[in-house]
Each structure stands twice: as structure tokens, then as C-alpha cells.
Q: 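Before we start, here is the structure in question, set down as C-alpha cells.
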Amino acid sequence: MTAMVKAEGVHKSYGAAHILKGIDLEVAPGEVFCLIGPSGSGKSTFLRCINHLEKVNAGRLYVDGELVGYRQKGDKLYELKDSEVALKRRDIGMVFQRFNLFPHMTAVENVMEAPVQVKGESKAVARERALKLLDRVGLGDKSGNFPSQLSGGQQQRVAIARALAMEPKLMLFDEPTSALDPELVGDVLDVMRDLAESGMTMVVVTHEMGFAREVGDSLVFMDGGVVVESGHPRDVLTNPQHDRTKAFLSKVL
Ligand SMILES: Nc1ncnc2c1ncn2[C@@H]1O[C@H](COP(=O)(O)OP(=O)(O)O)[C@@H](O)[C@H]1O
Ligand SMILES: [Mg+2]
């Protein structure tokens, strides 16, 4: 089976700062793959490499069997054009810590926007799907609300619906609940759990160890730009093998 994400010796530097130092990992289709690690360890950078918001400096990254950002001919690599990169990025949904909804658009308009603008879908079709998606994330009655009329947790659920509207084959979550008040976290995690149960492939950077343990299929602990330890979430969380993992978990668990 083709991996949904495959990283082989991925390196990334910003100037002299060597951030990712050879990441190897594989995410199977349908898998919920959790990524944990201290601040600054390169988690966001790695997610950004997956959808080619950042270029890797060495190594290879594949999404669904296709090289990210490049075309291979023989043993030479050719960089894809921006338009080609944009086309591939459509297949990858991304949800950030900050929801970045368009403030002047209602919830349903936010969710319709990309299918209409990027895919040229008709407004009627896009609206119908958007309403279904809002219903799915528990916001069927809020479709006409502007972001300012929604709580942070509701805005994040709109952001998830917005990503799903492009019918992605892979969803990337970068600390999706970190900016939320504690009482709003559960609803967002419930939506993510539901999405996982529907078979979506998800890479989730999170500090929610309960979610990782209950929903995750795999878990990677990253520190200093390397994968320190990986395995089934229950194993890594309850029986970490490395001192760095133990030290990190003792702070967050
Ligand atoms: N665009 C950038 N330019 C320079 N340095 C960056 C940039 N983005 C991230 N970094 C640095 O890369 C390191 C890893 O950052 P990041 O991937 O955001 O870590 P994490 O998400 O694990 O907290 C940090 O030291 C950060 O300052
Ligand atoms: Mg980050």
C-alpha cells in the first residue's frame, strides 16, 4: 500500500539554523498520526514541508506516492511550477492554531469560498456541501454567523469544515486546540475524532495526550529536529524508552 506521507531523510534549514535534521517517517492511509515535542523542535516546520509551504533542503517527501514540490525525470529533480504546487496543495487540508477565517464572511461563506474560487464550483453546489459540513461539525444552526459571533471553538470547527470542503485526502492539524479556552477544546477534539472514524488520514501536532492516546494510531516524539521515539501512542506515552521523551512527558502529562 502506498503511504499517504513518506519522509526520507528530510532536512530543513533557515539560513544557518538547521531545523529538521533527517526526518524519516511514514503515515499510512487512514491513519491518525500524532506528532508531539517541545516548542521549537520543528513540528510546524515539518507540517509546512508536507504541503510545500516550505522547501526541504535535502531528503525526499512524498504525499500519496508523489514527490512533494518536484518531478523526477531519470535521476534528476525538477522543481514544480507554482501553479502545479497549488494544484497538489488542494488535496491537503490544513488547520492551524489560529483559525484565520475571513472576518467579513459568514460561516457558510467561509466554507464555500475555496471550492468556488479555487475549483470554480457553482455557488449552489458549494453552499449545499458547506451546510452539510457545518452540520457535521455541530454548527448547523450557525451558518449565517460571522466569525466575531462565534466562540473560538466554533471558529475552529468552521475552519475544519472549510478544509474539508476541498475534499482533501490528507488533513494536517497544527495544535488546533492550543489557542482555545479549556472548556472549548472538547468539541473540537470530538469533531477530529469523528473525522478519524470516517477514515480520514490525519497528521496531528498536539499537546492533547488524551486525544493522542485514544484516537492516535501512531505517535512520534520529536526533539531538536529529529524523531527521538515513535510507536503506538499507548506504548510511547506509558512506557517511553528515551530520557528526552520521559522528560517531556513528565512536563505535559
Ligand atoms: N520562517 C522561519 N525563519 C527562520 N526560522 C524559523 C522559521 N520558522 C521557524 N523557524 C525556527 O525553526 C525552529 C522550529 O520551529 P517550529 O517548526 O515552529 O517548531 P515547533 O512547531 O515544534 O514549535 C524554531 O527555532 C523557529 O524559530
Ligand atoms: Mg509549532
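Computed from heavy atoms alone, side chains included, the values below leave out hydrogens, waters and symmetry copies. Ligands are counted one by one from 1 in listed order, and the atoms in each one are counted from 1 as well. Along the sequence shown, the residues carry numbers beginning at 1. Since the structure is predicted, the reported quantities are computational estimates derived from the model, not experimental observations.
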Q: Nearest to atom 16 (P) of ligand 1 by heavy atom, D223, L47, T45, D174: which?
A: T45
Q: For atom 19 (O) of ligand 1, which protein heavy atom lies nearest, and how many Å away is it?
A: G42 N, 3.2 Å
Q: Using a distance threshold of 4.0 Å (strictly less than), state whether atom 26 (C) of ligand 1 has a protein heavy-atom neighbour.
A: no
Q: Checking a contact table here: which protein heavy atom is nearest atom 10 (N) of ligand 1, and how many Å away?
A: Y14 CE1, 3.4 Å
Q: Any idea which protein heavy atom is nearest atom 14 (C) of ligand 1, and the distance to it?
A: G40 O, 3.4 Å
Q: Within a 6.0 Å radius of atom CG on N239, are there more than 12 heavy atoms belonging to other residues, nucleotides or ligands?
A: yes
Q: Look at atom CD of E128 and say whether more than 12 heavy atoms of other residues, nucleotides or ligands are closer to it than 6.0 Å.
A: no
Q: Using a 3.5 Å distance criterion without hydrogens, assess whether the side chain of E113 forms a donor-acceptor pair with backbone atoms of N110.
A: no
Q: Got more than 12 heavy atoms from elsewhere within 6.0 Å of CZ, R90?
A: yes
Q: Taking heavy atoms and a distance under 4.0 Å, where does P38 meet ligand 1: side chain, backbone, both or neither?
A: backbone
Q: After noting the C-alpha distance and the side-chain angles of T206 and E175, does the key distance pass the side-chain hydrogen bond (donor to acceptor under 3.5 Å, both in side chains) rule?
A: CA-CA 5 Å; T206 188; E175 300 193 30; over 6 Å; no
Q: Using distance alone, decide if ligand 1 has a nitrogen or oxygen within less than 3.5 Å of any nitrogen or oxygen in S44.
A: yes
Q: Please assess E109 against R127 for the test salt bridge (Lys or Arg N to Asp or Glu O under 4.0 Å), listing each intermediate value before the final yes or no.
A: CA-CA 8 Å; E109 286 166 352; R127 176 177 295 274; 5.0 Å; no
Q: Determine, using heavy atoms of S41 and all atoms of ligand 1, whether some pair is separated by less than 4.0 Å.
A: yes
Q: Is Q97 close enough to the Mg ion (ligand 2) that one of its N, O or S atoms comes in under 2.8 Å?
A: no
Q: Please work out whether any backbone atom (N, CA, C, O) or any side-chain heavy atom from C-beta onward of I19 is under 4.0 Å from ligand 1, and answer side chain, backbone, both or neither.
A: side chain
Q: Over 60° means perpendicular and under 30° means parallel, so classify the ring planes of H52 and Y70, tilted if in between.
A: perpendicular
